[in-house]
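First comes the structure, then the notes that go with it.
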Amino acid sequence: MDPRLADDLTALPDLLDAAGKLAAEALAGLGERAAAVPPVTAAPAPLPREGTGARGALDEFARRWEPGFAASAGPRYLGFVTGGATPAALAGDWLTAAYDQNPASGMDSSAQDLERETVGWLAELFGLGPEFSGAFVTGATMSTVTGLAIAREWLGEQAGVTVSTEGAAALGPVTVLSGSPHSSVLKALSFLGMGRSALRKVPVLPGREAVDVAKLAEALETLDGPAVVVANAGTVNTVDFDDLRAIAELKQRHRFWLHVDAAFGGFAALSPEHAALTAGLDQADSVVVDLHKWLNVPYDSAVQFTRRRDLQLRVFSNNAAYLGEIGETPDFLHLTPENSRRLRALPAWFSLVAYGRAGHREIVERCVALARDLGARLDGSPHWHLLAPVRLNVVCFTPAGDVTQDRIDALVRAIAEDGTTFLTPTVYDGRPALRAAFSNWRTTAADVERVFAVLERLASRS
């Protein structure tokens with residue numbers, strides 16, 4: 001054994017204490033750490049020849065890289081849709097690395113059973129019945145890929161073609177309909193061989209991102225065969241919700257696979273005030289939920305649900321003698337694109353056990369209240385214009401007056417350089433804009449005050 005490895009093994013408890021101390025210091029200062037660190041090109045160091053041991057690596061990380069890390073897990077990081085890591089989820093994530101279980105197979109540990117328990121809890125959380133099965137994947141994009149791969153197999157079933165055997169070319173052109181599809185849908189269609197051109201945009205309701213169900217029905221009427229409908233339970237810009245029940249009712253007259261992107265909007269189901277937004281989610285054929293958003297577990301973590309595990313198994317089964325028989329309860333390696341993977345379920349399990357439905361409901365409702373607070377402040381300011389109602393946890397707004405993309409880009413840079421908060425740009429209804437997404441368990445009303453003060457100060461200069 002390399003002497004550095006032997007020394008590190010002997011000193012492992014001390015090494016973990018040192019790493020824990022560095023992490024604890026970073027977490028203790030998270031509230032004041034810069035929410036964003038403007039990138040600076042760093043020259044890569046040469047590959048070490050001999051190595052310095054783990055303690056040397058820790059010291060070098062702290063010196064060279066740690067200062068450039070943003071407070072993306074902090075309370076005022078409002079870019080994209082980013083959660084933090086609850087204390088329980090963080091503990092679970094550390095144990096995930098320590099135990100280093102591969103839950104792809106059930107031949108050697110109980111890790112798969114823990115994942116199945118966690119998936120069952122999540123299905124209950126989102127109101128999905130026992131007809132749904134699920135599995136952990138890296139994020140919403142891979143959940144979308146998995147759901148649309150099952151949808152592709154369903155299209156083949158309708159046409160008498162086994163796509164998983166004969167290939168996507170045997171299926172021929174397909175039609176995917178959606179009002180405001182997330183960009184990952186196009187990526188998935190490209191990846192799956194159905195092609196980006198398969199997506200047909202359906203008109204949305206006036207002033208909304210929600211699909212016009214009547215227009216969707218008209219589009220379905222024009223088709224000769226089955227289709228895939230991608231619906232939204234929370235759009236990225238304004239957290240708008242398609243009428244899932246009305247869309248599902250169209251199945252009485254038309255053949256289509258209903259795929260619902262509930263990446264973060266699905267968490268509205270936890271709040272009695274907002275649960276009606278997700279009504280009809282249980283009528284979907286596949287569902288996307290991203291856990292490193294509003295469940296506040298560390299990256300990377302998402303779950304995919306479907307009511308057609310038989311088709312999922314047909315797509316992703318991996319038959320090899322060393323993997324054993326598939327059986328009535330398939331191992332997870334037969335259900336998702338990955339074979340080997342980390343036990344992503346453990347941080348989610350920890351957080352659900354630690355805080356339960358009530359604790360996560362509180363996070364959701366507090367984030368919604370904070371988003372509405374910022375929205376009201378912006379709406380009352382002469383410097384800003386609110387572009388849409390604050391329906392849930394995202395505020396979409398733009399500066400007053402003439403707004404160009406250059407002006408928005410300059411504001412994004414100025415906000416990042418200030419470091420108090422971080423926002424991401426967007427375009428809504430053809431207008432360059434900013435968006436602030438609240439999904440971190442740490443965020444408080446005091447943080448909203450600080451964010452608004454910075455926005456007001458920078459707006460007066462722009």
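Predicted, not measured: the structure shown is a model, and the values here were computed from it.
- Around the OH atom of Tyr299, the shell of radius 6.0 Å holds more than 12 heavy atoms that belong to other residues, nucleotides or ligands.
- Not one N or O on the side chain of Ser184 forms a donor-acceptor pair closer than 3.5 Å with the backbone of Lys187.
- Each of Thr336, Leu311, Thr146 was compared with Phe316 under the side chain to side chain contact (heavy atoms under 4.5 Å, CB included) criterion, and only Thr146 meets it.
- Annotation: ring pair (Phe, Tyr, Trp, His ring centres under 6.0 Å) contacts involving residues 386-443, sequence neighbours excluded, comprise Tyr77-Phe422, Trp384-Phe397.
- Checked against the 6.0 Å centroid criterion, the rings of Phe80 and Phe264 do not qualify as a close aromatic pair.
- The existence of a salt bridge linking Arg361 and Glu365 is confirmed by a sub-4.0 Å separation between a basic side-chain nitrogen and an acidic carboxylate oxygen.
- With respect to the salt-bridge test (charged N to carboxylate O, under 4.0 angstrom), the residues Arg442 and Asp447 do not qualify.
- Judged by distance alone, with hydrogens and angles left aside, the side-chain atoms of Ser271 form no donor-acceptor pair with the main-chain N or O of Ala268 at under 3.5 Å.
- One finds a salt bridge joining Asp93 and Arg342 here, because a Lys/Arg side-chain nitrogen approaches an Asp/Glu carboxylate oxygen to under 4.0 Å.
- The closest donor-acceptor contact from the side chain of Asn102 to the backbone of Ser340 lies at 3.5 Å or more, if one exists at all.
- Counting heavy atoms of neighbouring residues, nucleotides and ligands inside a 6.0 Å radius, atom CZ of Arg255 exceeds 12 of them.
- Contact check on Arg308 versus Glu157 returns a salt bridge, with a Lys/Arg side-chain nitrogen under 4.0 Å from an Asp/Glu carboxylate oxygen.
- Atom NZ of Lys251 has more than 12 heavy atoms from other residues, nucleotides or ligands within 6.0 Å.
- Looking at Asn232, its side chain does come within 3.5 Å of a backbone N or O of Ser180 through a donor-acceptor pair.
- No donor-acceptor pair under 3.5 Å is formed between the side chain of Ser178 and the backbone N or O of Lys201.
- With hydrogens and angles left out, the side-chain atoms of Thr426 and Asn237 include a donor and acceptor closer than 3.5 Å.
- A donor-acceptor pair is defined here as one N or O able to donate and one able to accept, closer than 3.5 Å; such a pair exists between the side chain of Arg307 and the backbone of Ala284.
- Here Glu115 pairs with Arg341 in a salt bridge; the nearest charged N to carboxylate O distance falls below 4.0 Å.
- The backbone N or O of Ser301 lies less than 3.5 Å from a partner atom in the side chain of His292, making a donor-acceptor pair.
- Residues Thr398 and His385 bring no donor and acceptor atom of their side chains to less than 3.5 Å of each other.
- A salt bridge does not link Asp409 to Arg413: none of the charged nitrogens lies less than 4.0 Å from a carboxylate oxygen.
- Side chain of Glu209 to backbone of Thr238: a donor-acceptor contact under 3.5 angstrom is found.
- For Gln304 and Gln312, the side-chain atoms include at least one donor-acceptor pair closer than 3.5 Å.
- Trp121 pairs by the side chain to side chain contact (heavy atoms under 4.5 Å, CB included) definition with Glu117, Trp349, Leu352, Val353, not counting sequence neighbours.
- Of the possible polar contacts, none joining the Ser351 side chain to the Ala88 backbone as a donor-acceptor pair under 3.5 Å is found.
- When atom types are taken as modelled, the side chain of Thr306 and the backbone of Arg309 share no donor-acceptor pair closer than 3.5 angstrom.
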